[in-house]
Amino acid sequence: MKRRRLRTFKTAHIMITVENDQSPIRASRLGFSSFPTFPSLSDKVIPSQFPAMAEVSRIFHSTLFPTLSLQLSKPCYNSHVYPSLSLKKAPRPVQCSVSTSETKSTSSNATQEVPWGCDIDSLENAEALQKWLSDSGLPPQKMAIDKVAVGERGLVALKNIRKGEKLLFVPPSLFITADSEWSSPEAGQVLKQYSVPDWPLLATYLISEASAQKSSRWCNYISALPRQPYSLLYWTRAELDRYLEASQIRQRAIERVTDVIGTYVSLLLLLLIEKRRWIQPQCIESEFQGLCLFLVVHERALFLFLTINLQVFNMETFRWSFGILFSRLVRLPSMDGKVALVPWADMLNHSCEVETFLDYDKSSQGVVFTTDRVYQPGEQVFISYGKKSNGELLLSYGFVPKEGTNPSDSVELPLSLKKSDKCYKEKLEALRKHGLSASQCYPIQITGWPLELMAYAYLAVSPPSMSKQFDEIAAAASNKSTIKKDLRYPDIEEKALQFILDSCESSISKYSKFLQASGSMDLDVTSPKQLNRRVFLKQLAVDLCTSEQRILFRAQYILRRRLRDMRSGELRALRIFDGLRNIFK
């Protein structure tokens with residue numbers, strides 16, 4: 001029998017129509033003090049005997065790449081929410097309730113909030129949290145939650161704190177990890193059965209415990225979490241395009257949101273196939289008819305589909321839980337790199353001027369940090385979130401340090417091979433062999449740039465006569481290879497530096513264009529609250545672009561000086577040569 005192709009998949013929240021195959025989404029890098037790869041779930045949790053489900057998962061992952069504005073329709077529980085078939089062969093555009101462009105009502109999108117937690121600067125639940133923590137085993141503290149100038153909420157010193165003093169001592173019984181006990185154990189059993197990774201498992205756990213409200217032991221903790229975490233997850237696509245067009249962090253944000261959406265869809269499909277024993281593979285007449293048979297022929301499967309609580313487990317709550325993880329999850333080196341949410345410790349804010357970080361102390365059996373400065377009563381106490389650029393801090397935590405205060409700040413400089421290059425195909429093949437592409441971004445700091453960037457520039461300008469060295473140069477351009485990085489090709493060094501300078505000046509012009517236009521941006525919106533949001537986002541973008549442009553200006557100065565010295569040296573050598581030639585004449 002000739003197979004027919006499904007064109008539309010529809011649920012109470014999401015409808016997608018297939019247009020064409022797309023490349024799979026790229027994994028973001030997530031983490032607090034380190035960056036593990038965030039895997040796609042579809043290959044792991046969609047069983048091979050259900051090709052229909054696997055195909056639907058692939059469709060979600062391959063067509064949601066540009067999705068950012070996460071407006072969702074209200075769930076409706078009626079007999080028509082199961083998937084419908086459309087067997088037309090003509091390709092049709094992607095349609096989904098997750099918007100891929102600027103919405104008509106930006107204010108409604110920006111103000112959607114989950115039904116738990118508190119305002120990000122609120123102290124309304126702080127006293128209840130501190131009492132619950134003390135009752136649950138947290139020892140007496142030298143700090144308390146208070147409103148602060150940096151971070152809106154933070155921990156401030158109640159007493160004099162010495163340099164080198166250990167603080168916190170949060171016991172493991174107060175950690176939230178992948179091994180934590182669920183108030184609704186059925187969901188946890190399903191996720192662990194399919195070996196769902198820690199990040200999506202913890203995101204689902206947070207939603208499950210939050211929805212349990214007072215029956216969850218974490219009720220007081222969740223009540224003190226921000227209702228809308230500061231994160232680029234909460235920027236709409238239109239806001240990213242408008243405010244971060246010049247910065248490479250925009251693309252990182254797009255990829256991160258795409259991964260979050262893809263993971264949500266995979267987990268939703270996992271719930272649908274959890275009872276896969278109800279259907280026999282021989283009943284599947286075609287890949288997509290199998291999905292309908294699964295939901296329509298088998299009453300219990302249909303019941304499961306209809307009773308997934310989308311009012312609790314939906315894209316908005318999933319985005320909230322991932323926003324919490326991005327900004328609060330900590331990796332503990334002394335516990336073999338285990339990731340955990342550590343209540344109380346996660347109220348500490350970041351400072352670029354301190355180097356102390358959270359870790360598990362085996363002697364005291366608790367999470368601690370050691371102060372690297374003295375604190376007086378009333379002063380805010382800080383830790384370090386790691387050596388991150390301003391862009392990375394904005395991406396995960398929603399703030400940008402003051403210009404010039406972050407010694408780890410960097411800017412991503414995009415470099416690309418020219419398609420007009422006679423050796424374009426050979427160079428591209430060499431790059432792909434080492435996990436690179438025709439367009440690459442490399443970090444530039446105020447102190448310089450990596451050797452990999454110089455190697456890429458050498459490859460970009462190398463002539464056909466160097467074709468035998470393409471592979472060696474491409475390997476040096478990859479941070480995954482162990483080959484010697486400090487390559488020198490004096491004959492093409494000037495061209496390589498000019499290539500970097502051209503890319504640098506191209507990026508500078510984009511930043512200048514945004515910063516010049518930022519003063520005249522139209523911020524006229526109907527809601528005063530929305531106006532405040534727009535002003536806030538715009539200021540974050542201006543701060544980020546100013547700091548990144550500053551680094552590029554420094555790189556431009558260094559490159560121009562080196563090129564000037566090289567060219568003036570060549571000119572002197574030519575003059576000496578001409579002088580000697582005249583003498584011998």
Side-chain angles (χ1 to χ4, degrees), residues 10-15 41 45 60 67 70-79 81-83 96-98 108-109 111-119 125 176 178 180-194 196-229 231 233-234 257 260-275 295 300-326 328-329 341:
K10 186 176 183 181
T11 72
H13 266 71
I14 304 169
M15 179 180 73
L41 289 179
V45 304
F60 273 111
T67 307
L70 306 178
Q71 284 194 299
L72 298 171
S73 58
K74 294 181 181 180
C76 52
Y77 302 103
N78 55 53
S79 59
V81 296
Y82 51 82
C96 56
S97 62
V98 184
S108 63
N109 180 65
T111 57
Q112 286 181 345
E113 294 178 339
V114 295
W116 47 74
C118 62
D119 291 338
N125 299 319
I176 295 179
S180 295
E181 184 178 347
W182 293 60
S183 298
S184 302
E186 297 82 5
Q189 290 170 3
V190 171
L191 299 184
K192 291 179 181 180
Q193 176 185 346
Y194 289 99
V196 172
D198 287 353
W199 274 80
L201 188 145
L202 286 170
T204 311
Y205 180 83
L206 268 182
I207 297 170
S208 176
E209 296 303 303
S211 64
Q213 299 180 356
K214 292 186 178 180
S215 61
S216 170
R217 70 167 297 218
W218 305 106
C219 174
N220 288 295
Y221 172 61
I222 292 172
S223 296
L225 291 175
R227 193 174 292 119
Q228 188 177 97
S231 165
L233 287 177
Y234 281 88
V257 176
V260 170
I261 293 170
T263 301
Y264 166 72
V265 170
S266 291
L267 288 173
L268 194 61
L269 293 175
L270 172 60
L271 295 176
L272 296 180
I273 64 171
E274 191 271 329
K275 302 296 184 182
L295 295 173
R300 293 176 66 193
L302 178 60
F303 176 78
L304 174 67
F305 178 78
L306 295 177
T307 54
I308 293 175
N309 192 349
L310 294 179
Q311 288 181 328
V312 172
F313 187 73
N314 55 53
M315 183 58 72
E316 198 60 39
T317 57
F318 203 68
R319 179 169 60 162
W320 168 82
S321 63
F322 259 96
I324 293 296
L325 296 184
F326 282 129
R328 293 172 179 268
L329 198 67
L341 287 169

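One is the number of the first residue; the rest follow in order along the sequence. Hydrogens, waters and symmetry mates play no part in the numbers below; they use all other heavy atoms, side chains included.
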Task: Leu341 backbone acceptor or donor facing Arg328 side chain under 3.5 Å - done: no

Open item on the list: Once rounded to the nearest 0.5 Å, what's the spacing between atom CG of Asn220 and atom NZ of Lys214?
Closed with: 9.0 Å

- [ ] Output all residues satisfying ring pair (Phe, Tyr, Trp, His ring centres under 6.0 Å) with Phe318, sequence neighbours left out; order by chain, then residue number.
- [x] Tyr264, Phe313, Phe322

Task: Ser216: side-chain hydrogen bond (donor to acceptor under 3.5 Å, both in side chains) partners, not counting sequence neighbours - done: Glu209

Task: Minimum heavy-atom distance between Trp320 and Pro229, given as atom pair plus value - done: CD1-CD, 3.7 Å

- [ ] Measure the CZ-CD1 distance between Arg319 and Ile324 for me, rounded to the nearest 0.5 Å.
- [x] 12.5 Å

Task: Ser223 to Asn125 - nearest heavy-atom pair and separation - done: O-ND2, 2.6 Å

Review item, side-chain donor-acceptor pairs of residues 201-208, under 3.5 Å, at least two apart:
{"from": "Thr204", "atom 1": "OG1", "to": "Pro200", "atom 2": "O", "distance (Å)": "2.8"}
{"from": "Tyr205", "atom 1": "OH", "to": "Glu181", "atom 2": "O", "distance (Å)": "2.8"}
{"from": "Tyr205", "atom 1": "OH", "to": "Trp218", "atom 2": "NE1", "distance (Å)": "2.8"}

Open item on the list: Restricting to non-hydrogen atoms, name the atom on Ile222 and the atom on Ala210 that form the minimum distance, rounded to 0.1 Å.
Closed with: CD1-N, 3.6 Å

TODO: Of all the heavy-atom pairs spanning Ser183 and Ser215, show the shortest one and how long it is.
DONE: OG-O, 4.0 Å

